[in-house]
Peer 1: 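There's a structure below that I have some questions on.
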Amino acid sequence: MWIAVAVPAVVVGILVWWLRRARPAAPEAGGGFAAGRAPEWGPGLTPEADAAFVEGLGAYDATGEALRPDWERDVLAVDGTPPRLISLRLLADGFAALEEAALHDPQGAVAGLMAEYAAAERPGVLHLRAEWPADEVDGMDRTAFAEAVRAVVCPPGATGVEGFAKDGFLLVTVTDAEASGRNTLMLDLGRVLDLYAEAREKRPDATPGEVLGEVVSGMLAAGGPGLTWVRPPTEQERHTVTTACAPA
């Protein structure tokens, strides 16, 4: 009687172990994929789900679109079609919602979420323009234009905001003195450029700085399109950003 009970238990145990080991193996984090990731990062994830989440990201990065995580700002840049920025918190929540399916197939879970976020923008997902004009705009090339936008959103002396411009987008870290933690604003510089070109035609006598200040301030006040946040912003966080870039 003991043998008849024990053998099935052993078989079941081996089967469960094999199923968990049989999921696609994560490649080594090539190129320092997880570099800068704090050990305690993993909002909304259990330790096991957190490990599977990073495994899925690494596997997807190795076999699909290139991923560039910014763990400090909670933003994932995706070099794909379209190029896009994704809130790592949103992605982690989506992964956690898949529960056991995500644990058994992390790469498939991440791939499914990536396809969903590529189909349409949503809060926490920003699609970027793939192309950039070859000519300069008012004497500014792509890098200079990005820095000009950063200077509008994060002018010298502004408190609570810190900007980082790269590859057609601007990330703004917003710190709320009344709340713990930070939030990140994601801004598509391609759409800023489109609005700037339209406004420049209407105000040819204004300085580039004046026009850019009005365009960016309008985008921030309207809340988009062309921008989103890592998590829904508080009123204080919105106020911090709009105040920082308000015309002097």
Side-chain angles (χ1 to χ4, degrees), residues 36-46 49-50 53 57 67-78 84-97 113-114 116-117 120-128 146-192 195-196 212-248:
R37 183 178 185 273
E40 67 276 7
W41 194 95
L45 298 174
T46 65
D50 183 58
F53 178 59
L57 288 174
L67 309 182
R68 292 178 289 121
D70 185 333
W71 301 105
E72 181 181 358
R73 298 178 179 87
D74 292 342
V75 174
L76 180 69
V78 183
R84 53 201 181 274
L85 301 178
I86 301 174
S87 162
L88 278 166
R89 290 178 177 268
L90 174 69
L91 189 58
D93 288 344
F95 189 90
L113 292 169
M114 287 295 180
E116 181 181 346
Y117 299 154
E121 288 187 325
R122 65 179 62 192
V125 179
L126 183 66
H127 290 183
L128 306 173
E147 285 302 311
V149 176
R150 188 188 65 80
V152 171
V153 183
C154 308
T159 59
V161 292
E162 179 182 359
F164 172 77
K166 183 179 181 181
D167 298 335
F169 61 84
L170 176 69
L171 302 180
V172 182
T173 301
V174 182
T175 303
D176 184 352
E178 299 179 359
S180 59
R182 301 173 299 176
N183 202 352
T184 301
L185 169 70
M186 301 177 272
L187 184 65
D188 177 15
L189 294 178
R191 273 178 275 192
V192 176
L195 293 174
Y196 176 82
L212 191 57
E214 293 175 1
V215 166
V216 174
S217 296
M219 286 184 69
L220 294 174
L227 65 85
T228 190
W229 296 74
V230 163
R231 56 173 172 75
T234 65
E235 287 301 319
Q236 181 59 44
E237 288 168 343
R238 290 182 186 272
H239 179 73
T240 298
V241 172
T242 55
T243 301
C245 73

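Computed from heavy atoms alone, side chains included, the values below leave out hydrogens, waters and symmetry copies.
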Peer 1: Please identify each residue that fulfils ring pair (Phe, Tyr, Trp, His ring centres under 6.0 Å) with Tyr117, with sequence neighbours left out.
Peer 2: none

Peer 1: Give the minimum heavy-atom separation between Pro69 and Leu67, together with the two atoms involved.
Peer 2: CD-O, 3.7 Å

Peer 1: Partners of Asp188 by side chain to side chain contact (heavy atoms under 4.5 Å, CB included), sequence neighbours excluded?
Peer 2: Leu126, Leu128, Arg191

Peer 1: Do Leu170 and Val192 come within less than 4.5 Å of each other through their side chains, counting heavy atoms only?
Peer 2: no

Peer 1: How far does CD of Glu121 sit from CG of Leu85, to the nearest 0.5 angstrom?
Peer 2: 10.0 Å

Peer 1: Could you tell me whether the side chain of Ile86 reaches within less than 4.5 Å of the side chain of Met114, counting heavy atoms only?
Peer 2: yes

Peer 1: List in chain and number order the residues that pass side-chain hydrogen bond (donor to acceptor under 3.5 Å, both in side chains) with Asp70, two or more places apart in sequence or in another chain; answer none if no residue qualifies.
Peer 2: Arg73

Peer 1: Taking all heavy atoms of Leu189 and all of Ala146, pick out the closest pair and write down the distance.
Peer 2: CD1-CB, 3.5 Å

Peer 1: Considering non-hydrogen atoms only, spot the tightest contact between Cys154 and Gly163 and give its length.
Peer 2: SG-N, 3.3 Å

Peer 1: Output all residues satisfying ring pair (Phe, Tyr, Trp, His ring centres under 6.0 Å) with Phe95, sequence neighbours left out; order by chain, then residue number.
Peer 2: Phe53

Peer 1: Go through the structure and list residues passing side chain to side chain contact (heavy atoms under 4.5 Å, CB included) with Pro155, not counting sequence neighbours.
Peer 2: Ala158, Ala244

Peer 1: Determine which pairs satisfy salt bridge (Lys or Arg N to Asp or Glu O under 4.0 Å) with at least one residue from residues 150-165, sequence neighbours left out, and list them in order.
Peer 2: Glu147-Arg150

Peer 1: To the nearest 0.5 Å, tell me how far Thr184 OG1 sits from Glu237 CD.
Peer 2: 9.5 Å

Peer 1: Verify side-chain contact (heavy atoms from CB on, under 4.5 Å) between Leu113 and Leu91, making sure each step is shown before the conclusion.
Peer 2: CA-CA 7 Å; Leu113 292 169; Leu91 189 58; 3.8 Å; yes

Peer 1: Are any of the side-chain heavy atoms of Met186 and Leu171 separated by less than 4.5 Å?
Peer 2: yes

Peer 1: State, to 0.1 Å, how close Arg89 and Val230 come at their nearest heavy-atom pair, and which atoms those are.
Peer 2: CD-CG1, 3.7 Å

Peer 1: Could you tell me whether the side chain of Arg231 reaches within less than 4.5 Å of the side chain of Asp74, counting heavy atoms only?
Peer 2: no

Peer 1: Using the rule given for side-chain contact (heavy atoms from CB on, under 4.5 Å), can you reason through Val161 versus Val153, listing the C-alpha separation, both sets of side-chain angles and the distance that settles it, and then say yes or no?
Peer 2: CA-CA 8 Å; Val161 292; Val153 183; 5.7 Å; no

Peer 1: Donor-acceptor pair, Arg182 side chain versus Glu72 backbone, under 3.5 Å?
Peer 2: yes

Peer 1: Taking side chain as C-beta onward, heavy atoms only, is Val149 less than 4.5 Å from Leu212?
Peer 2: yes

Peer 1: Not counting sequence neighbours, which residues clear side chain to side chain contact (heavy atoms under 4.5 Å, CB included) with Ala49? List them please.
Peer 2: Leu45, Thr46, Leu103

Peer 1: Would you indicate whether the side-chain heavy atoms of Val125 and Thr228 approach each other to under 4.5 Å?
Peer 2: no

